[in-house]
Amino acid sequence: MTVRINAPDFNLAATLKCGQAFRWSRGPDGWYTGVVGRQVWRLRQKNQTLEWETTVSHPNPLPASGARGSSFIPSPVSCTGEGQGEGEVRRYLSLDRDLRNIVATFPDEPHLREAVKRHWGLRVLRQEPWETLASFIASSTKQIVQIRQIVELLAQRFGRAGCPQPAERLRRDEGIAPYHSFPSVDTIARAMLPELQACKLGFRAKYLLAAARRIDRGEIQLEALPKMEYQRALEELLKLEGVGEKIANCTLLFSCGHDEAFPVDVWMQRALKRLPTGTDFGPYAGWAQQYLFYHERNLRLLPLTV
DNA sequence: TGCCAGGCCTGTC
DNA sequence: GACAGGCATGGC
């Protein structure tokens with residue numbers, strides 16, 4: 001079943017390709033396929049209408065071959081939107097936010113105006129905090145294509161096998177692997193370092209493992225971050241080895257609703273040189289940042305491949 | 001083949 | 001406090 005959602009002021013492609021999420025792929029039919037939680041989602045935009053399809057996880061999970069932990073296996077008729085509300089999609093894509101009001105708070109600078117104009121409709125996602133944190137721990141001095149590869153390897157090795165869409169389910173019999181959810185905190189916490197290193201994490205493997213173990217022990221409570229003041233939430237994440245301000249701010253912005261979080265990487269350093277020193281980006285600095293980041297990438301003829 | 005990548009840690013000054 | 005070097009690995 002395809003659910004149709006009214007989505008004004010929204011740009012699906014920019015939102016999924018702008019470097020805040022690593023698990024979305026665009027098919028030749030224009031559908032974007034990704035894994036959100038334990039579901040496979042398909043999204044397609046036609047003007048102001050967003051089309052959404054999803055799977056439903058099986059009520060009695062079975063182990064997946066090669067994957068650690070229990071699996072979620074599709075029921076034979078699972079590839080529908082039945083039982084799912086569009087509210088979940090609207091929340092994930094921040095369609096419940098008023099983009100015009102957000103952009104109205106941006107500083108009136110020509111370069112930022114141009115970035116917003118070119119990529120109008122880009123929205124900051126509300127992803128799952130652990131997946132976001134882990135993905136950005138893996139991102140350190142990695143190209144985005146490599147981050148996507150690492151995240152996929154982690155999911156295949158430690159995640160739960162999920163439901164491919166109908167057409168692909170047919171091809172699965174020909175050797176197409178199923179989709180996998182991102183591995184849980186406790187699954188990574190129980191992993192051995194060489195297992196993580198085998199996912200091409202390199203020196204980042206020890207940081208991911210240490211973070212998972214501390215979170216699993218309850219020393220850092222990710223679920224509390226969205227409710228904390230921004231500065232307090234930042235300090236919590238900075239307690240983790242291998243997590244500096246850049247990774248912490250990515251986590252707070254892309255998964256915890258802290259709109260003021262402002263990650264600065266090498267691309268943002270370049271973008272900021274185009275703006276007056278000390279520019280105040282306001283309460284939605286993170287949203288402005290994401291427009292600037294994506295615009296900078298495109299100016300360098302490096303549109304993010306999804 | 002060399003440079004660089006959505007960084008961070010550590011040692012040195 | 002500022003800065004440089006090291007860290008793993010692969011795309012370009």
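Basis for what follows: all heavy atoms, side chains included, without hydrogens, waters or symmetry-related copies. Below, chain A is the first sequence line, B the second, and so on; all start at residue 1. Because the structure is predicted, anything quoted here is derived from the model rather than measured.
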Would you mind classifying the nucleic acid contact of [X] as base, sugar-phosphate or nothing, using non-hydrogen atoms under 4.0 angstrom?
X	result
A:F22	nothing
A:Q197	nothing
A:Q269	nothing

Should [X] and [Y] count as an ion pair when the cut-off is N to O under 4.0 Å?
X	Y	answer
A:R97	A:D259	yes
A:E51	A:R42	no
A:D96	A:R91	no

Could you tell me how far apart [X] ([atom1]) and [N] ([atom2]) are, to the nearest whole angstrom?
X	N	atom1	atom2	answer
A:I147	C:dT9	CD1	P	16 Å
A:E296	B:dA5	CD	P	12 Å
A:I144	B:dG7	CD1	C1'	14 Å
A:I247	B:dA5	CD1	C1'	13 Å
A:L237	B:dC8	CG	P	11 Å
A:L196	C:dT9	CG	C1'	16 Å
A:Q143	C:dT9	CD	C1'	10 Å
A:W267	B:dG7	CH2	P	11 Å

Polar side-chain contact [X]-[N] base: donor and acceptor under 3.5 Å:
X	N	answer
A:Q146	B:dG6	no
A:Q290	B:dG6	yes
A:S139	B:dG6	no

Does [X] place a side-chain N or O at less than 4.0 Å from the phosphate oxygens OP1/OP2 of [N]?
X	N	result
A:R270	B:dA5	yes
A:K142	C:dA8	no
A:R204	C:dA8	no

>> Classify the ring geometry of A:W52 against A:W41: parallel below 30°, tilted from 30° to 60°, perpendicular beyond 60°.
In response: perpendicular
> Is there a stack between A:F293 and B:dG6, judged by ring centres under 5.5 Å and planes under 30°?
Replying inline: yes
> For A:F106, which residues count as a ring-ring contact (aromatic ring centres under 6.0 Å, His included) partner, sequence neighbours excluded?
Replying inline: none
>> If the condition is ring-ring contact (aromatic ring centres under 6.0 Å, His included), which residues does A:H258 pass it with, not counting sequence neighbours?
In response: none
Any N/O pairs under 3.5 Å between the protein and nucleotides 1-5 of chain C? List them or say none.
none

Taking the minimum atom-to-atom distance to the side chain of [X], which one of [options] wins?
X	options	answer
A:Y207	C:dG11, B:dG7, B:dC9	B:dC9
A:E241	B:dG7, B:dC9, C:dG10	B:dC9
A:K206	B:dG7, C:dA8, B:dC4	C:dA8
A:R297	C:dG10, B:dG7, B:dG6	B:dG6

>> Need to verify one output field. Residue with the more 5' nearest nucleotide on DNA chain B, A:L238 or A:D265?
In response: A:D265
> Sequence neighbours excluded, which residues qualify as salt bridge (charged side-chain N to carboxylate O under 4.0 Å, His left out) partners of A:R214?
Replying inline: A:E219
> Quick one: is the NZ or CZ of A:R297 closer than 6.0 Å to the six-membered ring centre of A:W267, and within 45° of its axis?
Replying inline: yes
> Can you tell me how far P in C:dG6 sits from the matching atom in B:dC3, rounded to whole Å?
Replying inline: 14 Å
>> Using the C1' atom as the point on both nucleotides, what is the distance between B:dC4 and C:dG5, in whole Å?
In response: 16 Å
> Taking for each residue the nucleotide of DNA chain C bearing the nearest heavy atom, is the 5' side occupied by A:G202 or by A:V145?
Replying inline: A:G202
Taking only distance into account, with no hydrogens and no angle test, what donor-acceptor pairs under 3.5 Å do side-chain atoms of residues 228-239 of chain A form with protein atoms, sequence neighbours excluded?
from, atom 1, to, atom 2, distance (Å)
A:Y230, OH, A:N249, OD1, 2.6
A:E236, OE2, A:K239, NZ, 2.5

>> So which atom in A:F293 and which in A:G19 form the shortest heavy-atom distance, rounded to 0.1 Å?
In response: CE2-CA, 4.4 Å
> Would the number of heavy atoms belonging to other residues, nucleotides or ligands and lying under 6.0 Å from CZ of A:R113 be above 12?
Replying inline: yes
>> Under 3.5 Å for both pairing distances: what stems, at least three Watson-Crick or G-U pairs long, include DNA chain C?
In response: B:2-5 with C:9-12, B:7-13 with C:1-7
